[in-house]
Trainee: 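Encoded as structure tokens, here's the structure I'll be asking about.
The figures here come from the full heavy-atom set of this structure, side chains too, leaving out hydrogens, waters and symmetry mates. Order of appearance sets the numbers: ligands from 1, and atoms from 1 within every ligand. One is the number of the first residue; the rest follow in order along the sequence.
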Amino acid sequence: MQIPLRTLSDVETYVRNREWCDARLSACPLHPTGGCSFARHGSYARVTPQGLRIARWYCPEGRQTFSLLPDFLAARLSGLLAAIEDSITVASSAKSMEAAADALRGPDVTLPGAVRWLRRRIRGVQAALAYVAPEMVIGAPASRSMPEIARADGRVLLGLRRSLSPQILNSIPAPLGFKPTSGTGWPRNGIGQHEMGPDRDIASHYGPLVCGSRV
Ligand SMILES: [Zn+2]
């Protein structure tokens, strides 16, 4: 299960300060009144951005891990929400999906692979935004438009991630929210599965504890 780690840091600051070490989850989300053996369970790395780790807890009784995902990070796709937003901006002004995918992914990725990569991002964001209504954004005056309300540092997705409650994020598809997007256009042949990473993987391999005594 993913839980937002509220932070105003950008990715560089988060990595430099090893903010995953100081992340806190005060109670088990499955047993908020206690009574289980809920405990910190180290951290795991994302392949990208390099050096980034995510704090993790585990409830043995509920057999569930809990990952604290920093606000700037995409859920179930590699990279940052801002980078996904940039990809969609490129796609919206390109001649074709193929031209946008080629420009974004470069010569090292086959064109069909690049197009799948881009389509996953576009579908994910479209599906997520279809769930979001202005009244969901905390403190939003009803008369203001969504982009106005949601923008943080010029970023719509980042603004929404920071504004929406954990409960609402759990009901919104990834990469904005945390809901698995199966059935909304994920490839069936397994291509791209590696991108979904250990966030979804309750039984993922548990990496070394890298925060020393603070783990
Ligand atoms: Zn528990």
Side-chain angles (χ1 to χ4, degrees), residues 1-9 11 13-15 17-49 51-81 124 127-128 131-133 136-139 157-184 186 192-215:
M1 180 185 284
Q2 303 193 352
I3 294 170
L5 173 62
R6 299 306 190 188
T7 176
L8 294 175
S9 297
V11 61
T13 308
Y14 176 88
V15 171
N17 294 340
R18 299 160 62 85
E19 289 185 19
W20 59 89
C21 293
D22 296 322
R24 295 284 175 266
L25 192 54
S26 55
C28 176
L30 300 179
H31 309 101
T33 55
C36 68
S37 315
F38 173 74
R40 177 77 190 239
H41 202 76
S43 62
Y44 64 87
R46 274 281 186 97
V47 176
T48 56
L52 182 142
R53 298 189 72 89
I54 294 171
R56 178 172 49 191
W57 278 256
Y58 182 59
C59 170
E61 288 79 3
R63 302 179 70 180
Q64 178 108 331
T65 53
F66 307 93
S67 302
L68 259 68
L69 214 65
D71 282 333
F72 52 78
L73 204 60
R76 299 172 195 277
L77 283 177
S78 60
L80 309 180
L81 284 174
Y131 277 72
V132 178
M136 285 181 169
V137 183
I138 295 162
L157 294 179
L158 177 61
L160 285 170
R161 174 69 73 74
R162 285 182 176 153
S163 307
L164 297 171
S165 71
Q167 292 74 21
I168 290 173
L169 287 172
N170 276 322
S171 68
I172 294 175
L176 171 62
F178 303 146
K179 193 176 174 189
T181 47
S182 55
T184 57
W186 291 98
Q193 293 286 324
H194 65 282
E195 280 202 88
M196 296 166 79
D199 294 347
R200 67 188 286 272
D201 187 356
I202 289 166
S204 64
H205 20 161
Y206 293 64
L209 307 182
V210 295
C211 302
S213 59
R214 288 192 294 166
V215 167

Trainee: For Arg40 and Leu25, run side-chain contact (heavy atoms from CB on, under 4.5 Å): C-alpha distance rounded to whole Å, both residues' side-chain angles, the deciding distance at 0.1 Å, then the answer.
Mentor: CA-CA 8 Å; Arg40 177 77 190 239; Leu25 192 54; over 6 Å; no
Trainee: Quick one: does any side-chain atom of Arg53 pair with a main-chain N or O of Ser43 as donor and acceptor, under 3.5 Å?
Mentor: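 Such a contact is found between Arg53 side chain and Ser43 backbone.
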Trainee: With a cut-off of 2.8 Å, which protein N/O/S atoms are close to the Zn ion (ligand 1), if we only count those under it?
Mentor: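 You should have found Cys28 SG, His31 ND1, Cys36 SG, Cys59 SG.
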Trainee: Applying side chain to side chain donor-acceptor pair (under 3.5 Å), name anything that partners Ser9, two or more places apart in sequence or on another chain.
Mentor: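 For Ser9, the residues satisfying side chain to side chain donor-acceptor pair (under 3.5 Å) (neighbours in sequence not counted) are Thr7, Glu19.
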Trainee: Compare all side-chain heavy atoms of Ile168 with those of Tyr131 and state whether any distance is below 4.5 angstrom.
Mentor: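 No, their side chains stay 4.5 Å or more apart.
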Trainee: What pairs with Phe178 under ring-ring contact (aromatic ring centres under 6.0 Å, His included), at least two apart in sequence or on another chain?
Mentor: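 Phe178: no ring-ring contact (aromatic ring centres under 6.0 Å, His included) contacts found.
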Trainee: Could you list the residues that satisfy side-chain contact (heavy atoms from CB on, under 4.5 Å) with Pro60, not counting sequence neighbours?
Mentor: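 Pro60 satisfies side-chain contact (heavy atoms from CB on, under 4.5 Å) with Ser37, Tyr58 only.
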